[in-house]
Amino acid sequence: MKFLKKIKLASLLTVAATVSANAQGTQPVNADLNKNGKTEPYENISLPISQRVEDLLSRLSTEDKINLVLGTGMIGFEQITGFEAIDPPMEDKSFMLPGAAGSTYPLKKFGLPAVIMTDGPAGVRIMPTRKNSDKTFYATGFPTGISLASTWDQELTQQVGKALGDEALEYGSDIQLAPALNIMRNPLCGRNYEYFSEDPVVSGKIAAAITLGIQHKGVGVSLKHFAANNSERNRMGLNVHVSARTLREIYLRGFKIAVKESNPKTIMSSYNLINGTYTSADRGLLTDILRNEWGFKGLVMTDWFGGYSSGINLVNDGAISLKENYTAQQIHAGNDLIMPGTRMQIANLKADIKNGKLSEKDLDICVRRVLEMIFNSPKMQGYQYSDSPDLKAHALLTRQVAAEGMVLLKNEQKALPLNSLQKNLAIFGSISYKMIAGGTGSGDVNKAYTVSLIQGLENAGYSINGKLDNIYRKFVEKEESDLKTKLNKDPFMLIPLMPQPQLKESLIRESANTCDAAIITIGRSSGEMEDRPLEGDYYLTQDEHNLINNVSEVFHQAGKKVIVIVNTGGIIETTGWSDKADAVLFSWLPGQEGGNSIADVISGKVNPSGKLAMTIPVKYEDLSTARNFQGTPIDKPTDITYSEGVYVGYRYFDTFNIKPAYEFGYGLSYTTFSFSNIKISSENFKEELYITVNVKNTGNTAGKEVAQLYLSAPKGAIDKPEKELKAFIKTKLLQPGETQTVYFRLSPKDLASFNEQQCSWIADGGTYKVLIGNSSRGIQQTSSFTLSDDRIIEKVNNVIIPDIKFTDLRP
């Protein structure tokens, strides 16, 4: 058997694009009559779906059931790996959508269609071209997860979800494989751009908002990656050792919030192992916690080739090797759908049922959930999709959301917004001409265009220095041409950082004499399969340092301002260079309208209101995860211990009194705000508590502020972080002098920490401090209340026990 070496997962995700599409949608498959003129219960649309599902389940053969728990897709998989993939029957391939990630197996004899699944978090990932069609089928490239979270705006995020869901619906997709809400445990994780925050409350609330939006017209989501998938290197073979408290308080909590508040249709299990068991085969995780404790009613699917799902292992160097198949354990665990399936698994499952390794009861449980998903899908309802979503309206929304998610870290002497006289700009940095709209891998989107910073500034009426423009355009064009040649030879190579042209000091000085201000763009791309390097990525390259130093020195001598734009999917080190800039704006990966969005903020058309969802340390070594981020051995890690415990991000910095460069929740505005008149409904906590505070715009410009409520719990039987975020509210657009009263509610669960000894969520009796402000260290209003006695909030299952002995970090 031959294997293609150096294969990347992205290659397998793109081969599905070879299938054809039905642009007119499918006719309703809820048949009125069968061939004998009789309506069967499962065909009767007037009956409850649960009744129809039970009737159909009773009619399925074992072979039918196995087909339903093994997904299809990945056309061409066998040519790449030597394994024979499960493809839809040829006559049913019209159900497929070019570029879709996969589907369920269609059972035509029962009228069951193939339910289509598309990536991903930043937009509907489909192919823009199709056979026998001159039309292009672009999708909107929305701002990525880190940008959405930085808005701290649940209502606005829900609007993005609605737009994304509409595009999925109109292109014929049933399940959007998003959102991704793994915790930003460390800034080097390659997929942080897809995720939301270092904090589970922000992650869960933003994920719930986008889920509610996507699912508003029937398209389902797949929350991912469940759970503890916080790094990319050897993600398919990495065993995460984590304590029960850390897992529940940090890495599961966001998922719990999203499940409780938005009822996602599906959840995707992650690649990694937790305490020695693959998540896709962990009954404690998928059944005891997810279903029995949280009440999740939907379907669980594997990540593509995840865990034991395909009987193969895509190892870190790209080679493919056989390994034992454990599909039966996945089904027993409650992982209902294996994506994508292989012919080998069909034989294995048949044998497992025959020899008793897998019970028919366990199989029926998973089949029932697959059928419920299918019956509830737009495809089964016969939705007539148009292939023509409102891309113009979605582009306008993208422009707004990206601007509101940008975080202004520094603004000395009101360098921003540019005034009406500052119209002639000197633009530096290769990324100014080639903006990075989104990440790579399944989070990429085939969009019609990306607005560069240069285009955005020109659209806003700014003039660009011609000599610099000429040099950068030629340089970037050549770099892109060279990269294209390299990609033709190796389509799966990691995209390198675009270098900087060498500029003569005389040219910089000439531009300082003729231009009103300088803008420098620093950019970073990241994605699946690998994490970011420390040098030359998290830390700037020497060429980038030289550029910032040279430009700032010359422009400051001329009395001109220097603005640095950071176009990246995660945080970077700022301490070593930010003192050279007058203003620093993190634009994140802002989607296809990025250049226009940045111009809106720079010009003052939009007042920035974004806040950091991840702490920026002074130096990388200040992070609690700096010494154990990727695990061991470093080249191909197989084991990682989350020994920092619950002290991730601001919980660590604030508890251990380590000063960050910029704290969690931080972000400047072109105006100022004050917090006042905190009121608490009672000094003694019983069943709930209400807190109000006034937020006033004390400046001269309309703007929005984020009120953040932190709680400092009494020290009881276990150690506690110095403070923890419990709720947040973004104000409306406040005019100068305007005040808004914001409301918070605290429930018993907000007071609780997880006590491993009692296997319970417990709120310790004592005094709780309420801290409200605009960042974790920008507290402006305080109050307190008392809980009279210790209170057990929830007793839970004692599952996912650590497989090695270790001690979590404590103050």
Side-chain angles (χ1 to χ4, degrees), residues 121-122 142-166 176 178-184 194-217 219 221 223 253-264 394 397-398 400-407 588 590-591 606 608-614 664-665 667 669 673 690-693 695 703-710 724-734 740-747 749-750 772-776:
F142 293 97
T144 61
I146 191 172
S147 181
L148 294 179
S150 297
T151 68
W152 292 60
D153 191 326
Q154 296 172 72
E155 182 178 346
L156 189 60
T157 301
Q158 188 168 339
Q159 290 182 37
V160 173
K162 286 182 178 180
L164 208 168
D166 283 343
Q176 188 68 13
L181 66 153
N182 293 100
I183 291 296
M184 294 176 177
E194 290 185 87
Y195 303 153
F196 297 129
S197 179
E198 67 187 27
D199 180 78
V201 172
V202 174
S203 298
K205 295 288 186 180
I206 296 297
I210 199 167
T211 296
L212 289 170
I214 291 173
Q215 295 192 160
H216 80 298
K217 287 186 179 178
V219 171
V221 307
L223 292 183
R253 192 170 187 180
F255 285 95
K256 182 178 181 180
I257 291 170
V259 166
K260 294 283 189 179
E261 297 186 4
S262 63
N263 191 27
H394 297 168
L397 176 62
T398 294
Q400 175 194 355
V401 174
E404 295 214 16
M406 293 180 187
V407 179
W588 311 116
V606 173
S609 58
K611 303 287 185 177
L612 288 176
M614 188 176 196
F664 175 79
S669 169
F673 298 92
Y690 292 90
I691 300 163
T692 63
V693 70
V695 182
K704 300 178 182 180
E705 179 62 294
V706 179
Q708 305 165 34
L709 186 152
Y710 298 84
E724 291 185 283
L725 182 75
K726 298 299 179 180
F728 59 91
I729 298 174
K730 192 162 193 175
T731 68
K732 65 179 184 178
L733 184 68
L734 297 177
Q740 178 180 343
T741 301
V742 296
Y743 298 80
F744 300 98
R745 174 182 176 271
L746 292 179
S747 66
K749 70 178 187 300
D750 295 316
I772 298 178
N774 57 10
S775 73
S776 66

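Just so you know, these numbers come straight off a predicted model, no measurement behind them.
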Any sub-3.5 Å donor-acceptor pair from [X]'s side-chain atoms to [Y]'s backbone N or O?
| X | Y | result |
| --- | --- | --- |
| Lys726 | Leu709 | no |
| Ser262 | Thr211 | no |
| Tyr710 | Ser776 | yes |
| Glu194 | Ala180 | no |
| Glu404 | Gly610 | no |
| Trp588 | Pro143 | no |
| Gln740 | Lys732 | yes |

Look at Lys256 together with Glu261 and state whether they make a salt bridge at an N to O cut-off of under 4.0 Å.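 Result for this pair is no, no salt bridge flagged.
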Point-to-point distance, once rounded to the nearest 0.5 Å, from [atom1] of [X] to [atom2] of [Y]:
| X | Y | atom1 | atom2 | result |
| --- | --- | --- | --- | --- |
| Ile183 | Met614 | CD1 | CE | 10.0 Å |
| Ile729 | Phe744 | CD1 | CZ | 4.0 Å |
| Trp152 | Asn774 | CH2 | CG | 10.5 Å |
| Ser197 | Ile206 | OG | CD1 | 9.0 Å |
| Met184 | Glu198 | CE | CD | 9.0 Å |
| Phe673 | Lys704 | CZ | NZ | 10.5 Å |

Check whether any side-chain heavy atom of [X] lies under 4.5 Å from a side-chain heavy atom of [Y], and answer yes or no.
| X | Y | answer |
| --- | --- | --- |
| Val259 | Pro264 | yes |
| Leu164 | Val219 | no |
| Pro590 | Met406 | yes |
| Thr398 | Val401 | no |
| Phe728 | Ile772 | no |
| Val742 | Val693 | yes |
| Tyr195 | Ile146 | no |

What heavy-atom pair brings [X] and [Y] nearest, and what distance separates the two atoms?
| X | Y | answer |
| --- | --- | --- |
| Phe664 | Ala613 | CE1-O, 3.3 Å |
| Ala122 | Thr144 | CB-CG2, 4.3 Å |
| Lys749 | Arg253 | O-NH2, 4.0 Å |
| Ala207 | Leu181 | CB-CD1, 3.8 Å |
| Gly405 | Ser150 | O-CB, 3.1 Å |
| Ile257 | Pro200 | CD1-O, 3.8 Å |

Ignoring hydrogens and angles, write down the donor-acceptor pairs under 3.5 Å from the side chains of residues 154-162, residues two or more places apart or on other chains.
| residue | atom | partner | partner atom | Å |
| --- | --- | --- | --- | --- |
| Thr157 | OG1 | Asp153 | O | 2.8 |

Are Lys730 and Ser609 close enough that a side-chain donor and a side-chain acceptor fall under 3.5 Å? yes
Apply side chain to side chain contact (heavy atoms under 4.5 Å, CB included) to residues Val221 and Gln215 and explain how you reach the verdict. CA-CA 7 Å; Val221 307; Gln215 295 192 160; 3.5 Å; yes
When you look at Phe142 and Leu148, which way does the side chain to side chain contact (heavy atoms under 4.5 Å, CB included) test go after all the steps? CA-CA 9 Å; Phe142 293 97; Leu148 294 179; over 6 Å; no
Just to verify, what does Asp750 make a salt bridge (charged side-chain N to carboxylate O under 4.0 Å, His left out) with, not counting sequence neighbours? none
